[in-house]
Amino acid sequence: MSSSIDVRLRDLAGTAPETAVRGDAAECGEVLGRGDGSEISADDFKFEISNLKLNPRQPAGERTFYLETFGCQMNDHDSEKVAGVLLGRGYQRMESADAAKLILYNTCSIREKAAQKVFSRLGTFRKTPDHGKIIGVLGCVAQQEGEEIFERAPWVSLVCGSASYSKLPELITEIEEGNRRVMGLDKDTDATFETEFTRRDNPYRAYLTIIEGCDKACSYCVVPFTRGPERSRASASVLEEVRRLVDAGYTEVQLLGQTVNSYADPSPRKMTFAGLLVAVAGVPGIRRVRFMTSHPRDFGRDIVDAMDAAPAICNHVHLPVQSGSTRILREMRRTYTREEYLEKIEMIRSARRPICITSDIIVGFPGETEADLAETISLLDAAQYDGIFAFQYSPRPNTDARHMPDVISEAEKGRRLAVVLERQREIQVRKHEALVGETFEVLVDGGSRKPGQWSGRSSGNRIVNFYSPRTDLLGQYVQVRVLRAVPNSLVGEHVI
Ligand code: SAM
Ligand code: SF4
């Protein structure tokens with residue numbers, strides 16, 4: 001089936017005339033030309049399509065999809081690739097499940113509550129068995145629950161786990177051919193999920209997976225089970241994508257991986273993670289390079305040296321500690337002690353420029369005592385984080401911690417969480433107040449509902465809201481002087 005499409009190519013730099021082209025969905029790589037008559041290569045066209053829609057004069061066909069994403073940035077980025085696969089096949093993205101024929105949920109199972117969400121979404125179709133939709137469950141819940149999803153929700157047609165995304169195009173073909181029970185649940189794959197083009201949702205920051213899966217074995221975590229073993233992408237392929245992102249108008253990229261700094265270049269070049277950071281920062285046109293999430297064990301001096309050498313590498317490291325107690329860290333199998341972790345913090349603080357450090361904390365791990373909690377609180381004081389994500393421990397299937405004794409009640413976990421968050425709030429207030437009067441470079445990524453108000457991120461990833469008389473700041477780098485501090489953001493004025 002082929003359908004006529006209107007395509008509007010995004011011009012992030014704001015320099016080219018509007019680029020509207022018309023073509024055929026089945027041939028969208030064959031291309032076409034810009035609205036001003038200039039030529040555009042087939043590769044550019046396939047790579048970045050910001051708005052692909054069926055010609056409104058044609059009836060909306062079967063090829064419509066709705067995609068909802070739960071969970072982390074890696075899931076968000078996987079969804080950008082899934083959307084790219086579907087748009088490339090001539091599908092139109094719809095704003096609501098009601099309007100779409102194919103409904104996909106990209107799921108998260110890191111904590112019980114996240115996993116439950118998808119079953120509550122699926123439950124909405126229980127009462128309408130003749131809804132005429134094709135429903136698919138993707139991601140970590142799909143990998144975890146597998147075939148059982150068909151048992152619990154027989155109206156589901158597609159189950160594809162996060163370790164099997166490279167099979168997604170084949171699975172979609174099977175669905176298009178009318179097969180109503182299609183599954184992709186391989187875990188022994190060494191393939192990474194690379195797509196012909198990716199439909200990026202964020203016009204200012206481009207996410208880029210450089211390593212998939214995880215070979216660590218934290219006793220509480222489902223990721224090694226749901227995302228499979230570590231697979232790194234060849235450095236040349238990463239750098240090629242960064243160059244293409246620059247061509248598409250991006251100046252900021254974020255390298256993603258569950259343990260991004262465990263990156264191991266599979267190509268003969270054998271580039272280290274630090275080497276890759278420097279190489280990405282050196283791509284002409286790149287102004288900011290971020291990376292997330294770093295595992296403390298694999299965080300070496302060479303990464304700090306890379307940050308010193310290449311100012312385009314952002315002043316931010318997300319280095320989850322999970323607990324301040326060495327005893328609990330051992331039970332969690334985090335492979336470092338409190339002291340070793342704090343040495344890494346010292347090392348990062350010794351960089352030539354101030355680096356923002358953020359972390360993840362789990363409270364209420366089985367057997368966690370008041371003394372362990374006190375160690376976590378004292379670690380917050382010692383590390384002086386710029387931000388944390390704190391979670392109540394949630395027992396997960398296929399993890400060893402699930403069978404550990406001395407379970408903490410939910411109410412007590414809630415109390416401990418509040419204690420941790422309150423101490424961190426006090427730290428952030430103090431740290432932010434010390435920044436009043438300083439000036440930061442901010443990449444503007446949003447306007448406020450009130451005229452004259454803008455928001456963006458500093459290199460350290462702080463949220464900065466600011467006032468400016470200018471009306472054209474989206475996507476621009478501007479200097480902002482901090483006037484006021486609140487716990488989770490800074491408020492400032494545009495220095496013109
Ligand atoms: N790979 C990263 C690392 O090692 O720090 C984190 C990946 S995980 C998607 C994000 C965070 O979820 C973890 O750092 C941890 O704090 C939290 N998390 C993972 N499993 C959890 C569980 N069973 N209960 C509560 N929080 C959990
Ligand atoms: Fe999960 Fe640990 Fe791997 Fe992070 S390092 S994804 S917490 S197993």
Side-chain angles (χ1 to χ4, degrees), residues 69-78 106-116 139-141 143-144 162-163 187 207 209-232 255-263 273 291-299 317-325 328-336 341 344-345 357-368 376 379-380 383 385 387-404 407-408 410 412-414 416-417 420-421 424:
T69 310
F70 303 90
C72 63
Q73 278 166 349
M74 291 203 70
N75 264 15
D76 286 340
H77 184 45
D78 284 343
N106 187 2
T107 59
C108 168
S109 65
I110 199 84
R111 283 168 291 276
E112 174 72 25
K113 269 193 192 140
Q116 276 165 357
C140 294
V141 174
Q143 195 75 48
Q144 185 181 289
S162 22
K187 275 219 308 195
Y207 295 104
T209 303
I210 64 161
I211 172 168
E212 289 177 14
C214 180
D215 279 352
K216 308 283 188 288
C218 303
S219 61
Y220 52 82
C221 185
V222 284
V223 168
F225 183 79
T226 56
R227 287 189 168 266
E230 263 175 31
R231 287 99 67 205
S232 292
L255 310 183
L256 293 178
Q258 290 297 339
T259 55
V260 72
N261 57 327
S262 311
Y263 175 81
F273 175 64
F291 54 99
M292 174 105 89
T293 295
S294 295
H295 191 284
R297 197 193 67 188
D298 297 338
F299 203 95
V317 176
H318 185 61
L319 197 71
V321 67
Q322 313 299 357
S323 169
S325 153
I328 294 293
L329 288 171
R330 199 180 316 117
E331 295 295 306
M332 288 177 162
R333 287 209 298 269
R334 283 297 285 182
T335 69
Y336 50 83
Y341 179 86
K344 305 274 174 173
I345 296 285
I357 307 177
T358 53
S359 187
D360 294 347
I361 306 275
I362 296 176
V363 294
F365 188 78
E368 184 189 64
T376 297
L379 184 128
L380 295 182
Y385 291 121
I388 61 164
F389 298 99
F391 310 102
Q392 293 179 210
Y393 166 71
S394 168
R396 306 306 298 129
N398 307 300
T399 61
D400 291 345
R402 188 184 185 86
H403 308 292
M404 289 182 181
V407 170
I408 314 281
E410 290 305 309
E412 177 56 17
K413 285 184 207 168
R416 294 182 187 191
L417 183 67
V420 164
L421 290 175
Q424 179 60 25

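Remember, it's 1-based here, ligands and their atoms both numbered in the order they're listed. Side-chain atoms are counted along with the backbone in the values below, which use heavy atoms only and exclude waters and symmetry mates.
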**Report entry** Partners meeting ring pair (Phe, Tyr, Trp, His ring centres under 6.0 Å) with Y263 (sequence neighbours left out)
**Finding:** none
Counting both backbone and side chain atoms, is some N or O of [X] under 3.5 Å from an N or O of ligand 1?
| X | answer |
| --- | --- |
| D360 | yes |
| S294 | no |
| T259 | no |

Query raised in the report: Looking at residues at least two apart in the chain, or sitting in another chain, which of them share a side-chain hydrogen bond (donor to acceptor under 3.5 Å, both in side chains) with H318?
Result: T358, D360
Report summary line: Those residues at least two apart in sequence (or on a different chain) that pass side-chain hydrogen bond (donor to acceptor under 3.5 Å, both in side chains) with D78 are R227
How does [X] reach ligand 1, by side chain, by backbone, by both or by neither, if only non-hydrogen atoms under 4.0 Å count?
| X | value |
| --- | --- |
| M292 | neither |
| Q392 | backbone |
| R396 | side chain |
| T293 | side chain |

Report summary line: If we number the atoms of ligand 2 from 1 as shown, the ones under 4.0 Å from a heavy atom of R334 are 2 (Fe), 5 (S), 7 (S)
What's the shortest heavy-atom distance between [X] and [Y], and which atoms?
| X | Y | value |
| --- | --- | --- |
| R334 | V321 | NE-O, 4.3 Å |
| A390 | V420 | CB-CG1, 4.2 Å |
| C221 | I110 | SG-CD1, 4.1 Å |

Query raised in the report: Protein N/O/S atoms under 2.8 Å from atom 3 (Fe) of ligand 2: how many?
Result: 1
**Report entry** Residue and atom name of the nearest protein heavy atom (relative to atom 7 (S) of ligand 2), distance in Å to one decimal
**Finding:**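 Looking only at protein heavy atoms, the one closest to atom 7 (S) of ligand 2 is Y220 OH, 3.4 Å.
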